[in-house]
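Heads up, the thing below is written out as structure tokens.
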Amino acid sequence: MFKKLAVILVLLLPLGFFLFPDRTQKEWSAAGGNNMLSIVGSLLSSHARFNIVYNPGLRDIGVQQEKLRIRTILPHTGRSYQTEMDDFLQSDDNVLIECSGMDTWHTSASGSSYLTVLRKQAYRVVVFDGGHHLSTLGMAPDIVIVPTYKGYAVHGYMRDGIQVKTLVQLLQVSESPIILVTVPRWRLVKQETCLTTFCAAILIGLKVNKPHKEWVFQTRPRISRWNNNIYAYVNKQLIQDRDLLLRYCNELKVNKTDRMYVAFDYRFIKQKDTLAYIEWFQQEIGVPVRCVNDPVKVADLILR
């Protein structure tokens with residue numbers, strides 16, 4: 001009986017990595033799969049396959065590409081994001097890979113204060129695996145890596161997928177400087193070797209052809225502004241408190257923008273109810289509002 005159970009668990013592990021690649025090294029370790037995660041991460045990244053789907057050019061940070069030093073910061077390390085960022089800025093590293101937690105932290109007052117100095121030292125790379133990263137677009141990281149399944153940037157358990165073609169449209173309309181790279185969903189896990197290897201391969205495939213520019217970043221929690229566009233991830237708090245979202249957007253001078261894009265956390269709102277939410281919000285701000293994500297996660301797409 002024990003042998004049969006062991007065989008079943010071994011067979012189910014690959015499925016687990018496919019359905020929940022968003023689980024971090026620490027979370028897999030707690031489940032007893034840390035060594036397996038390291039092995040899988042190394043194997044998947046040893047044949048890194050990716051597609052550069054939007055490329056306005058890589059800016060020059062004054063470091064030759066073969067001398068770039070990459071650091072990956074995974075979620076739930078037990079250290080604060082401010083501590084992680086301070087350590088990075090004191091190092092000689094010049095490429096930083098971020099996942100959901102730190103990327104969201106950058107929309108906070110303390111987190112956004114690091115964006116300008118970080119941009120001077122390093123390329124910022126974000127793993128974009130769903131609508132919860134929508135505000136990323138207004139913070140202009142150098143590279144966005146999109147784990148893709150059936151045309152979606154999609155998460156293992158958060159129901160907020162966004163189509164890759166929609167992301168490309170958003171970048172084109174705003175003339176964004178972000179380089180968008182897609183990676184097959186099942187080839188990317190949140191493990192240091194895997195993310196670092198993929199990032200290194202992507203950087204080798206890019207040419208430095210733009211000068212460095214200084215920018216002023218405009219953010220509020222889970223919201224950002226780039227040129228005349230506002231990007232907002234409407235999570236549980238903002239679903240329940242529409243006035244808070246309105247206040248944040250007014251602070252970003254939404255009335256002087258061309259359009260606003262939103263992505264919803266569909267765990268807390270039904271798709272049909274988002275229509276009334278958007279209609280109310282458009283009337284309040286006088287600017288077109290478009291929802292850009294769908295209520296899907298990896299498991300929802302398997303049988304499509």
Handout entry: side chain to side chain donor-acceptor pair (under 3.5 Å) partners for T116, two or more places apart
Key = none
Exercise for the section: Please say which of I179, V181, V95 ends up in a side-chain contact (heavy atoms from CB on, under 4.5 Å) with V125. Expected result: V95
Problem - Residues D300, R159: salt bridge by 4.0 Å N-O rule - result: yes
Exercise for the section: Verify, without hydrogens or angle tests, whether Q191 (side chain) and T193 (backbone) share a donor-acceptor contact under 3.5 angstrom. Expected result: yes
Practice task
Determine, using ring centers only, whether F264 and Y277 are less than 6.0 Å apart.
Solution key: yes
Fill in the blank from the handout: For residues 133-156, the salt bridge (charged side-chain N to carboxylate O under 4.0 Å, His left out) pairs (sequence neighbours left out) are R59-D142
Exercise for the section: For atom CD of E175, decide whether the heavy atoms of other residues, nucleotides or ligands shown that lie under 6.0 angstrom number more than 12. Expected result: no
Practice task
Inspect the contact between D129 and K297 and indicate whether a charged nitrogen and a carboxylate oxygen are less than 4.0 angstrom apart.
Solution key: no
Practice task
Determine, for R267 against D160, whether the closest basic-nitrogen to carboxylate-oxygen distance falls under 4.0 angstrom.
Solution key: no
Practice task
Report the relative orientation of the aromatic rings in Y114 and W105; use parallel for angles under 30°, tilted for 30 to 60°, perpendicular for over 60°.
Solution key: tilted
Handout entry: Centroid-centroid distance, W226 to Y261, less than 6.0 Å
Key = no
Problem - Interatomic spacing from CZ in F281 to CD in E284 - rounded to 0.5 Å - result: 8.0 Å
Problem - Positive for side chain to side chain donor-acceptor pair (under 3.5 Å) with R71, one of N94, D93, T196, D87 - result: D93
Fill in the blank from the handout: side chain to side chain contact (heavy atoms under 4.5 Å, CB included) filter on S113, not counting sequence neighbours, yields none
